[in-house]
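A note on names: the letters A, B, ... follow the listed sequences, proteins ahead of strands, and every chain is numbered from 1.
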Amino acid sequence: MDIRESVLPGIGMKYVMDTASGDRMVVVIHDDGRRELYHFSYEDLDQSISMVTLEDPEARQLAALVGGMTYKPKQLERVEMAFDELTIEWYRIEPHYGCTGKTIGELNIRQNAGVSVIALLDKRNGKQVNPGPEAVLNAEATVVAIGEREQQKRFKQILMNGSG
Amino acid sequence: MIFEIGLALVLIALGGLISAKLRFSVIPFYILIGMAVGPHAMELWHFDFRFIDSAPFIDFMGRIGVLFLLFYLGLEFSVGRLIKSGRSIAVGGSIYIGINFTLGLMLGFFSGFPLAETLIIAGITTISSSAIVAKVLVDLKRTANAETEMILGIIMFEDVFLAVYISILSGFVLSDSSSIGGVLLSALVSLGFMLAVIILGRKAVPYLNKWLRIRSNELFALVIFGALFLVAGFSETIHVAEAIGALLVGLVLAETEHAKRIEHLIMPFRDFFGAIFFFSFGLSIDPMSLGGSAIWLALAAVIVTLIGNFSAGMLAGRTASLSPKASANIGLTIVSRGEFSIIMANLGKDGGLMEILQPFSAIYVLILAILGPLLTKQSKSIFTFLNRWIKFKDRKPGIQKEEAL
């Protein structure tokens with residue numbers, strides 16, 4: 001991804017970004033605090049298709065929205081965060097899964113799958129950060145595990161079958 | 001006296017309001033309002049529209065307006081930014097100045113003016129109005145376009161040219177001597193003065209940073225204004241235009257850590273006295289003097305400017321590999337003329353040059369301050385229209401092709 005930055009003397013700063021979907025997006029930050037977002041189609045880079053002007057507080061609000069700071073994914077089955085090879089994944093435990101009612105220790109998750117469970121979100125027990133081997137995987141709970149892609153795949157199998 | 005000033009301010013404000021209503025640039029309206037009144041106007045009951053008593057005072061406020069305009073220009077300007085701006089802008093700026101300055105000189109020369117007047121005319125026709133161009137770009141939502149960097153880069157180049165040109169020209173025009181040696185000497189003095197202030201100013205930045213750490217806004221303003229007027233006044237005593245003195249103070253202060261605070265402090269003063277500057281310029285012009293040769297000269301200059309700016313824009317855009325349409329936008333945006341052309345004309349007046357320069361510059365600026373933004377707005381249809389006669393070959397991004405111009 002490449003964002004070009006340039007100074008507009010007497011006006012402010014300009015950032016040009018060509019998105020993977022083939023659009024061009026231009027953000028102009030005026031010295032008086034206004035922000036302008038322009039949308040160009042890649043076919044005609046001379047004429048913008050649409051634009052929006054934002055006041056400073058609006059722009060900050062939008063930045064938080066776009067940056068994912070206000071909406072935390074609670075019910076998503078899989079949210080991926082990639083740290084090169086390592087990924088963090090969220091799994092929702094469906095009632096028919098084999099693992100329901102068993103503890104992390106019983107399933108021997110770390111030995112069998114290689115992933116590390118870093119959080120357990122459960123309606124009954126609330127949030128558990130770094131749950132121990134005695135923590136029970138109930139239906140409707142969400143498990144967050146960190147590990148490599150292969151390990152995550154094995155973990156999913158364990159959750160569904162209830163055994164390594 | 002106060003009453004007359006009040007009347008003038010109300011008129012200026014009225015002009016501004018009308019222009020805002022019509023969505024035009026304010027500059028031509030301030031000038032027109034100034035031209036409408038003046039010694040030829042009448043006295044209505046208590047309202048004296050002739051501004052005879054207050055004329056020197058309004059004139060003085062206008063002079064202060066020039067100081068603030070140039071001071072602000074210096075503050076905004078940064079050498080680092082110019083160096084960073086890149087090769088294509090340097091090339092584009094040089095192309096623009098080269099073409100338009102040459103055309104300006106030719107216009108003066110072929111109209112039979114002496115050298116000093118020719119130099120002033122070339123100055124008037126070369127330098128765009130930064131104020132109008134920046135405002136038009138923002139108003140028309142063009143800031144995101146590809147050609148905007150080039151337009152503002154050319155404007156920045158013109159500012160540098162203006163600074164150097166005024167300092168040389170003021171030595172030439174304002175000096176008392178008539179011999180070539182004397183003229184050269186005073187031009188050298190003013191250039192030397194510029195360099196000395198810039199070099200000393202650079203060295204003084206750490207001290208200025210320390211000295212200007214003043215908590216009280218009132219004292220801060222007094223110190224800044226004191227420095228501004230002192231240096232501007234001093235430069236006049238050595239035959240350097242006071243405007244250059246103001247510009248230099250701005251350039252030096254721009255390098256300090258207080259630049260932003262000074263900008264905020266100066267902006268309202270620049271706007272207020274700037275408006276009076278345009279009004280007082282209008283006031284100094286008798287509408288009756290506008291007829292005759294001044295009009296023809298101004299019209300010729302307008303045509304020369306239009307052609308010169310358009311072709312410079314096309315060439316500059318091409319060197320930066322912009323599309324012909326974007327390149328057309330460059331030329332059609334930088335044709336606006338305003339504050340700097342009038343400052344040039346006033347320099348001629350201060351030097352006692354031919355009187356035709358004043359009405360000439362008035363008509364010229366009025367036309368291009370109104371026409372310029374209109375051309376910018378309609379640049380798309382103008383390009384389509386011109387494209388029918390002259391085929392500007394469209395270029396696919398990344399592939400260089402020749403262009404028919």
Side-chain angles (χ1 to χ4, degrees), chain A residues 1-70, chain B residues 72-73 75-78 80-82 84-86 88-89 130-160 254 260 263-264 267 317 321-330 379-380 383-384 394-398:
Chain A
M1 193 169 50
D2 139 69
I3 297 182
R4 267 161 295 142
E5 172 189 317
S6 52
V7 183
L8 303 179
I11 294 177
M13 288 295 280
K14 173 175 164 182
Y15 301 88
V16 181
M17 177 181 177
D18 290 322
T19 64
S21 57
D23 290 311
R24 170 169 288 186
M25 177 126 184
V26 180
V27 179
V28 177
I29 305 183
H30 290 256
D31 283 338
D32 60 11
R34 261 179 311 139
R35 319 285 209 280
E36 285 176 339
L37 310 180
Y38 292 85
H39 173 210
F40 290 79
S41 104
Y42 202 73
E43 273 97 64
D44 182 14
L45 293 176
D46 291 330
Q47 195 79 41
S48 69
I49 306 172
S50 63
M51 67 87 56
V52 178
T53 307
L54 299 170
E55 296 299 321
D56 183 64
E58 295 168 333
R60 285 170 194 279
Q61 191 71 42
L62 181 74
L65 288 176
V66 174
M69 274 172 247
T70 53
Chain B
Y72 195 82
L73 183 73
L75 264 186
E76 281 262 285
F77 188 78
S78 124
R81 198 181 277 169
L82 186 73
K84 259 198 298 185
S85 65
S88 66
I89 284 179
S130 317
I132 298 183
V133 169
K135 193 173 179 309
V136 167
L137 282 175
V138 172
D139 285 355
L140 292 179
K141 316 275 184 212
R142 292 264 177 93
T143 46
N145 287 15
E147 74 275 7
T148 303
E149 279 91 345
M150 177 57 84
I151 293 173
L152 293 171
I154 291 179
I155 294 281
M156 205 158 67
F157 246 76
E158 290 181 40
D159 293 345
V160 179
K260 277 279 165 230
E263 261 185 59
H264 282 291
M267 204 162 345
S321 48
L322 292 167
S323 71
K325 202 161 134 198
S327 310
N329 277 351
I330 299 176
S379 61
K380 202 177 159 189
F383 175 75
T384 325
D394 208 357
R395 223 171 336 167
K396 295 283 165 280

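There is no contact between A:R24 and chain B, counting heavy-atom distances below 4.5 Å. Interface residue A:F40: only side-chain heavy atoms are found under 4.5 Å from chain B.
In this structure, B:I151 CD1 and A:L8 CG are separated by 10.5 Å, a value rounded to the nearest 0.5 Å.
In terms of heavy-atom pairs under 4.5 Å with chain B, the best-connected choice from A:R34, A:H30, A:K14, A:E36 is A:K14.
The side chain to side chain contact (heavy atoms under 4.5 Å, CB included) test applied to B:A328 returns B:F310, B:M314, B:F383, not counting sequence neighbours. With sequence neighbours excluded, the residues that form a salt bridge (charged side-chain N to carboxylate O under 4.0 Å, His left out) with B:K260 are B:E263. In this view, A:D2 satisfies the salt bridge (charged side-chain N to carboxylate O under 4.0 Å, His left out) rule with no residue, not counting sequence neighbours.
The two residues A:V26 and B:A144 come nearest to each other via the heavy atoms CG1-CB, 3.4 Å.
Proximity of B:N145 to A:Y38: side-chain heavy atoms (C-beta onward) are nowhere separated by under 4.5 Å.
In the displayed structure, B:K380 atom NZ is contacted under 6.0 Å by at most 12 heavy atoms of other residues, nucleotides or ligands.
Taking non-hydrogen atoms and a 4.5 Å limit, the residue list of residues 48-59 of chain A in contact with chain B, ordered by number, reads A:M51, A:T53.
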